[in-house]
Amino acid sequence: MKYCSLSLALLCFYASNSFAALEVITALEKQTFNTIEQEYNIDTLLITVNDRFSQLNKKAYDIEGLKKGIALEQQRYDELIAELPRIIRAKTALSQTYKQIESAIDAVDQLTKKIKDDSELLKAEKIDILAEYEAVNKKRADKSQLLFKLKTDITNRLLADLSKPDSTLPVTINGSTECSKYQSIADCLKESKSGILSSTRNESPFLNEKSVLLSYEVVEANMNMKGELTYKATMQFKPSYNNKTDIRLNEELGLKSAMITLISNVPADWYINGVKIGTGNKLSHEIPLGKHGILASYKNQDKSSVEKIEASGTFNYKFNQSTFTSPPNSIANEVTATASKGVLKPTAQQQPAKKPDATYTFFSDKSSDKLDDKDPSAEKINEFFMGASPIVKKQTIEITNEPINK
């Protein structure tokens with residue numbers, strides 16, 4: 001027997017007329033869900049606090065620039081002091097040298113004071129931003145608590161309905177298949193029965209492979225000379241709350257997580273909702289569905305956005321590497337310019353070894369799995385699927401609200 005492709009209609013499941021329509025989530029429950037979503041909307045809060053966090057990172061980088069300015073001035077001071085005995089003996093440019101030493105000392109004092117003042121302001125701003133993130137997280141937690149309570153109420157309602165002795169799920173199928181021209185209608189329908197039942201169980205959130213078939217009857221069947229068989233079948237199952245029901249309910253209420261991949265052209269520091277999750281060009285991280293603030297930080301640049309996570313996906317943040325120059329702080333630039341005008345300009349050999357840029361971290365790190373760039377599987381996005389593969393049958397399924405008459 002040859003089968004054609006499966007074509008299934010959208011299902012609306014009803015129980016027998018002993019109780020109301022059997023639904024995963026009712027209209028009233030959906031209204032309650034929408035009310036919770038509106039009352040605990042965090043979009044504006046997330047956008048605001050994410051922007052403030054981005055500015056905080058830039059100010060922290062500026063402070064690191066001031067520290068580099070102090071190092072330059074300290075180096076200039078040391079060089080002037082080292083040359084001072086020679087200049088005193090030579091009695092040349094003595095006054096100018098003293099002025100340069102005084103200038104270096106004043107610059108270090110100014111930069112030190114500014115670092116202290118800016119750090120105190122930054123610390124206070126950090127506390128405010130942490131409080132804002134805490135407010136967002138509390139609102140998110142309150143929302144989740146209400147959604148889980150709603151799920152419990154829905155689950156209890158479903159269990160009560162499904163546990164009734166007379167609860168049944170009537171199903172009507174209008175389908176077609178291809179048989180051998182030499183095969184009888186009865187034989188063809190007999191061979192198709194297991195496939196029809198399997199596809200019906202796959203489609204319903206209240207049925208699984210263990211669901212009990214209460215009745216099965218072919219109401220109509222016709223076959224043309226080419227062996228194309230059309231039929232109408234009615235059946236009844238005993239519905240149950242199973243894993244598919246729970247998955248569907250979680251989807252309706254947004255109570256699940258997804259795996260996201262974060263990619264950048266530089267080894268950025270990655271933050272989600274103000275919490276650092278790792279550093280690198282590519283990271284994977286599991287995250288609950290919903291709105292989240294994502295920020296990538298590298299040197300004095302930030303890339304951020306507020307994303308609605310509905311499924312697994314990839315987010316790219318590209319930085320312009322040509323703009324990564326010296327710290328953009330005005331005082332630090334003036335200090336560097338002053339040093340370049342001194343009579344004792346450091347030579348290339350005297351330049352101190354370049355130190356790696358300091359990292360200014362406000363939030364504690366959390367572990368994150370870093371994907372291997374050489375691993376081809378790392379390019380694949382995790383996806384979530386539900387249900388089983390359909391049987392290769394062409395049929396439409398209708399769920400009737402009327403009991404099946406024997």
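Here the structure is a predicted model, which means the values were calculated and not measured.
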Exercise. Salt bridge (Lys or Arg N to Asp or Glu O under 4.0 Å) between Arg201 and Glu209: does it pass, once the steps are laid out?
Worked result: CA-CA 6 Å; Arg201 289 187 173 103; Glu209 66 279 359; over 6 Å; no
Exercise. Which is it for Thr234 and Val218 under the side-chain contact (heavy atoms from CB on, under 4.5 Å) test, yes or no, and what are the steps along the way?
Worked result: CA-CA 6 Å; Thr234 61; Val218 177; over 6 Å; no
Problem set entry | CA sep, side-chain torsions, deciding dist, call: Lys318, Ser264, side chain to side chain donor-acceptor pair (under 3.5 Å) | CA-CA 5 Å; Lys318 187 175 181 180; Ser264 178; over 6 Å; no
For this session: Evaluate the criterion side chain to side chain donor-acceptor pair (under 3.5 Å) for residue pair Asn222 and Thr230; output intermediate values, then yes/no.
Result: CA-CA 5 Å; Asn222 294 286; Thr230 59; 4.5 Å; no
Exercise. When you look at Asp269 and Tyr298, which way does the side chain to side chain donor-acceptor pair (under 3.5 Å) test go after all the steps?
Worked result: CA-CA 6 Å; Asp269 293 327; Tyr298 183 72; over 6 Å; no
Exercise. Stepwise, does the side-chain contact (heavy atoms from CB on, under 4.5 Å) test hold for Ile42 with Leu46?
Worked result: CA-CA 6 Å; Ile42 59 174; Leu46 263 179; 3.8 Å; yes
For this session: May I have the step-by-step check of side-chain contact (heavy atoms from CB on, under 4.5 Å) for Lys308 and His292, ending in yes or no?
Result: CA-CA 6 Å; Lys308 183 179 182 181; His292 298 277; over 6 Å; no
Problem set entry | Glu37 vs Asn41, side chain to side chain donor-acceptor pair (under 3.5 Å): CA-CA, chis, key distance, verdict | CA-CA 6 Å; Glu37 285 282 303; Asn41 189 296; over 6 Å; no
Problem set entry | Intermediate values then yes/no, side-chain contact (heavy atoms from CB on, under 4.5 Å), Phe53 and Tyr133 | CA-CA 10 Å; Phe53 183 74; Tyr133 271 119; 3.7 Å; yes
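The existence of a salt bridge linking Glu64 and Lys67 is confirmed by a sub-4.0 Å separation between a basic side-chain nitrogen and an acidic carboxylate oxygen. Using a 4.0 Å cut-off between charged nitrogen and carboxylate oxygen, Glu73 and Arg76 count as a salt-bridge pair. With salt bridges taken as basic N to acidic carboxylate O contacts below 4.0 Å, none links Lys113 and Asp109. A salt bridge is absent between Lys226 and Glu178: the closest approach of a Lys/Arg side-chain nitrogen to an acidic carboxylate oxygen does not fall below 4.0 angstrom. Taking a cutoff of 4.0 Å between a charged side-chain nitrogen and a carboxylate oxygen, Glu307 and Lys291 do not qualify as a salt bridge.
Asn224 places a side-chain N or O within 3.5 Å of a backbone atom of Gly227 that can act as its donor or acceptor partner. Looking at Ser304, its side chain never comes within 3.5 Å of a backbone N or O of Leu295 through a donor-acceptor pair. A donor-acceptor contact shorter than 3.5 Å is absent between the side chain of Ser167 and the backbone of Ser163. Looking only at distances, a side-chain donor or acceptor of Asn273 sits under 3.5 Å from a matching main-chain atom of Gly293. Without hydrogens or angle criteria, Trp270 side chain to Gly280 main chain gives a donor-acceptor distance under 3.5 Å. Checking side-chain atoms of Ser54 against main-chain N and O of Asn50 turns up no donor-acceptor pair under 3.5 Å. In terms of modelled atom types and a separation under 3.5 Å, the side chain of Ser103 and the main chain of Lys99 share no donor-acceptor contact. Judged by distance alone, with hydrogens and angles left aside, the side-chain atoms of Lys232 form no donor-acceptor pair with the main-chain N or O of Ala221 at under 3.5 Å. Asn265 contributes a side-chain N or O that, together with a main-chain N or O of Phe319, makes up a donor-acceptor pair within less than 3.5 Å. In this structure a side-chain-to-backbone donor-acceptor pair under 3.5 Å is present from Ser119 to Ile115.
The CG atom of Asp51 lies 7.5 Å from the CD1 atom of Ile47; values are rounded to the nearest 0.5 Å. For the atom pair NE2 (His285) and CG (Leu262), the distance works out to 8.5 Å, reported to the nearest 0.5 Å. Here the CD atom belonging to Glu228 is positioned 8.0 Å from the OG atom belonging to Ser176, to the nearest 0.5 angstrom. Rounding to the nearest 0.5 Å gives a distance of 5.0 Å between CG of Leu169 and OG of Ser204. Interatomic distance, Gln100 CD to Leu84 CG, rounded to the nearest 0.5 Å: 11.0 Å. If you take CG on Leu158 and CD1 on Ile25, they are separated by 9.5 Å, rounding to the nearest 0.5 Å.
Other residues, nucleotides and ligands place more than 12 heavy atoms under 6.0 Å from the NZ atom of Lys58. Crowding of Tyr77 atom OH: a count of heavy atoms from other residues, nucleotides or ligands under 6.0 Å not exceeding 12. In Lys190, the NZ atom is not crowded: 12 or fewer heavy atoms of neighbouring residues, nucleotides or ligands sit closer than 6.0 Å.
Residues Arg157 and Asp153 form no side-chain contact, since every pair of their non-hydrogen atoms from C-beta on lies 4.5 Å or further apart. In this structure the side chain of Leu130 never reaches within 4.5 angstrom of the side chain of Glu134, judged on heavy atoms. Counting heavy atoms from C-beta on, the side chains of Lys59 and Tyr61 never come closer than 4.5 Å. Using a 4.5 Å cut-off on side-chain heavy atoms (C-beta onward), Tyr231 and Ile196 make contact. Looking at heavy atoms from C-beta onward, Tyr216 lies in side-chain contact with Leu197 at the 4.5 angstrom threshold. Annotation: side chain of Leu249 is in contact with side chain of Lys151 (closest heavy-atom distance under 4.5 Å). At a threshold of 4.5 Å between non-hydrogen side-chain atoms, the residues Thr97 and Glu83 do not count as touching. No side-chain heavy atom of Lys143 sits under 4.5 Å from any side-chain heavy atom of Glu39.
Residues Asn202 and Ser199 bring no donor and acceptor atom of their side chains to less than 3.5 Å of each other. For the residue pair Ser297/Asp302, the side-chain donor-acceptor check at 3.5 Å is satisfied. Using modelled atom types and a 3.5 Å distance limit, the side chains of Asp187 and Gln183 yield no donor-acceptor pair. Side-chain contact annotation: Glu23 with Thr26, donor-acceptor N/O pair under 3.5 Å absent.
Screening Leu213, Thr168, Val212 against Phe237 for a side chain to side chain contact (heavy atoms under 4.5 Å, CB included) leaves a single residue, Leu213.
Considering every non-hydrogen atom in both Ser240 and Thr245, the closest pair reads O-OG1, 3.7 Å. Shortest non-hydrogen contact noted between Ile309 and Phe315 is CD1-CZ, 3.5 Å. Minimum heavy-atom separation, Lys238 to Leu207: O-CD2, 4.2 Å.
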